[in-house]
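Here is the structure we will look at.
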2 protein chains.
Amino acid sequence: MADQGKGVTALGYALLGQISIASRSGYALRMVFETTPMGTYSSSPGSIYPALKSLCAKGLARTVGQGRGGRYEITTAGTELLDRWLRQPVTAEEVARRLDLALLRFAFLMAHPDRGLTHAFLRSFETATAARAAELKGFLETETGAAMPLQARLAVEHGQRSLETSARWAADSLRRLTAEQGE
Amino acid sequence: MADQGKGVTALGYALLGQISIASRSGYALRMVFETTPMGTYSSSPGSIYPALKSLCAKGLARTVGQGRGGRYEITTAGTELLDRWLRQPVTAEEVARRLDLALLRFAFLMAHPDRGLTHAFLRSFETATAARAAELKGFLETETGAAMPLQARLAVEHGQRSLETSARWAADSLRRLTAEQGE
DNA sequence: CCAACCATGTAAGCTGTTACATGATTGA
DNA sequence: TCAATCATGTAACAGCTTACATGGTTGG
């Protein structure tokens with residue numbers, strides 16, 4: 001019966017994640033996108049307000065109060081959906097097409113009561129990025145010189161090196177989070 | 001009179017760039033997306049064929065032949081539009097939101113007669129990625145401890161490190177291309 | 001009282017996604 | 001001849017972008 005998160009977009013999850021930490025007004029949510037690097041996930045009021053309405057229509061969020069003090073808060077169904085989303089492991093496919101979505105999950109895992117999830121995420125993130133980097137490397141090795149001029153190789157190498165950096169980031173982050181917990 | 005590339009999307013440029021190198025059938029173009037890392041820019045026939053039609057409707061491409069041997073080729077207007085696009089420098093704004101578009105330009109600059117453009121691109125790419133990385137670093141330094149838990153910092157750091165890698169890639173690529181020309 | 005900012009929206013247009021449909025050709 | 005692959009589409013739907021519109025509140 002639970003509609004499996006059908007149609008919740010990156011922006012939808014970005015909003016849901018925010019209000020799961022603390023209820024906020026639409027304007028306050030907008031400001032987060034405009035003043036922090038989370039801005040990658042949205043732009044203008046024309047996308048945020050409709051997205052909030054859509055979350056309400058799906059029963060994942062609700063409004064409390066109105067006018068000046070109106071805020072959005074997450075519902076039980078919203079919490080459950082967010083939880084299922086946060087538990088998804090990172091796949092090589094996701095890394096190839098939607099790395100931003102994976103990073104978004106990481107950011108919100110910060111507030112999740114199950115601290116083990118962050119560790120699981122980072123492990124699967126490291127595996128998936130390394131795997132995708134290897135795929136690109138394999139592609140470069142298969143395609144021989146003539147079929148692939150230097151400049152095309154360089155373009156693919158950008159992706160490869162970028163993903164290797166991501167994998168290292170995951171390993172480093174895991175260490176730092178573990179160190180913090182142990183203190 | 002020239003419609004300044006209004007409404008040409010990433011996929012549109014990806015297609016235009018391909019046929020500027022050699023005329024191809026729609027299917028051949030699809031296969032490029034399905035078998036190479038260029039696949040990031042598209043997915044299914046449902047997007048490629050309409051995009052090709054749209055290019056034709058805008059007078060940027062045309063079909064030659066039909067059925068089995070039908071191919072798409074670029075028009076003069078298409079060549080001019082592509083040229084203007086390829087000459088655009090990389091900005092910090094583009095790096096923040098559409099790094100993929102910048103990389104796409106790089107890949108097609110390979111076929112451009114003006115070899116100086118590739119060098120100009122790489123220099124502006126390096127500057128822009130480094131600038132954006134510095135922005136993120138500045139953000140991390142401004143936001144103090146309490147307002148920003150470790151895990152949120154780490155998420156931003158991912159972006160920062162990734163962009164630093166991009167900047168290094170640009171510098172390395174410039175060296176390698178210069179070396180190749182000098183041989 | 002006027003400008004600036006808070007706060008929330010609507011509407012048009014375009015793209016992309018998903019899923020389905022179709023016919024030709026070729027190798028087993 | 002039958003399956004796979006070549007090759008090209010269409011239709012429904014949903015989302016984002018851009019641009020515009022609207023009122024309340026507060027500081028100078």
Side-chain angles (χ1 to χ4, degrees), chain A residues 3-16 18-19 23-35 38-58 60-61 63-72 93-94 96-98 100-101 104, chain B residues 3-16 18-19 23-35 38-58 60-61 63-72 93-94 96-98 100-101 104:
Chain A
D3 53 84
Q4 295 292 352
K6 283 282 181 195
V8 177
T9 69
L11 177 54
Y13 282 118
L15 292 167
L16 212 49
Q18 303 256 7
I19 61 174
S23 70
R24 283 181 199 277
S25 72
Y27 186 75
L29 290 164
R30 241 188 82 195
M31 286 304 107
V32 172
F33 290 111
E34 272 182 21
T35 62
M38 182 116 56
T40 334
Y41 299 97
S42 174
S43 42
S44 49
S47 53
I48 291 173
Y49 291 109
L52 283 168
K53 275 199 154 182
S54 156
L55 290 178
C56 290
K58 290 180 180 112
L60 305 170
T63 54
V64 285
Q66 7 180 359
R68 81 231 167 282
R71 284 162 180 281
Y72 289 90
E93 221 283 320
E94 186 182 25
R97 309 200 128 266
R98 303 301 312 260
D100 58 330
L101 263 186
L104 192 60
Chain B
D3 52 81
Q4 294 292 354
K6 283 282 182 196
V8 177
T9 67
L11 177 55
Y13 282 118
L15 292 167
L16 212 49
Q18 303 257 6
I19 62 174
S23 70
R24 285 180 198 277
S25 71
Y27 186 76
L29 290 164
R30 243 188 80 197
M31 286 305 107
V32 171
F33 291 110
E34 272 183 19
T35 62
M38 183 117 54
T40 332
Y41 299 97
S42 173
S43 44
S44 48
S47 54
I48 290 172
Y49 290 108
L52 282 168
K53 276 198 154 185
S54 155
L55 290 177
C56 290
K58 290 181 180 112
L60 305 170
T63 53
V64 285
Q66 5 175 2
R68 79 226 169 286
R71 282 161 181 286
Y72 289 90
E93 221 284 317
E94 185 182 25
R97 307 199 130 267
R98 303 300 311 259
D100 59 331
L101 263 187
L104 193 59

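What's counted below: heavy atoms across the whole structure, side chains too, no hydrogens, waters or symmetry copies. We name chains A, B, ... by the order of the sequence lines, and we start the count at 1 in each one.
For the pair B:Leu15/B:Phe33, a side-chain contact is recorded, criterion being any heavy-atom separation below 4.5 Å from C-beta on. Residues B:Met38 and B:Leu104 are in side-chain contact: their nearest non-hydrogen atoms beyond the backbone lie under 4.5 Å apart. Counting only heavy atoms from C-beta outward, the side chains of B:Leu52 and B:Thr63 never approach each other to under 4.5 Å.
Note: CD1 (B:Ile48) to C1' (D:dT8) measures 11 Å, nearest angstrom. Rounded to an integer number of Å, the gap from B:Leu101 CG to C:dT15 P is 14 Å. Regarding B:Arg98, its CZ atom lies at a distance of 13 Å from the P atom of C:dT15, rounded to whole Å. In this structure, A:Glu34 places its CD atom 13 Å from P of C:dA7, rounding to the nearest Å. Atom-to-atom, CG of B:Leu52 to P of D:dA7 comes out at 14 Å; the value is rounded to the nearest Å. Rounded to an integer number of Å, the gap from A:Met31 CE to C:dC6 C1' is 9 Å. In this structure, OH of B:Tyr27 is placed 10 Å from C1' of D:dA4, rounded to the nearest angstrom. Protein atom CZ of B:Phe33 is 16 Å distant from nucleotide atom C1' of D:dA7, rounded to whole Å.
Within the 3.5 Å criterion, the main-chain N or O of B:Gly39 finds a donor-acceptor partner in the side chain of A:Arg97. One N or O on the side chain of A:Tyr41 and one on the backbone of A:Asp100 form a donor-acceptor pair closer than 3.5 Å.
Comparing B:Arg97 and B:Ala28 by the nucleotide of DNA chain D whose heavy atom lies nearest to each, the residue mapping closer to the 5' end is B:Ala28. The nearest heavy atom of DNA chain D to A:Ala10 and to B:Pro45 marks one nucleotide each, and the one closer to the 5' end goes with B:Pro45.
The phosphate of C:dT8 has neither OP1 nor OP2 within less than 4.0 Å of any side-chain N or O from A:Lys53.
Within 4.0 Å of A:Gly46, counting heavy atoms only, lies at least one base atom of the nucleic acid. Across all strands, A:Ser47 comes closer than 4.0 Å to base atoms (heavy-atom distances). Using a 4.0 Å heavy-atom cutoff across all strands shown, B:Tyr72 reaches sugar-phosphate atoms only and no base atom.
Out of D:dC6, C:dT15, D:dG15, the shortest distance to the side chain of A:Thr9 is found at D:dG15. Checking C:dA7, D:dG15, D:dG9 against every side-chain atom of B:Tyr49, the shortest atom distance belongs to D:dG9.
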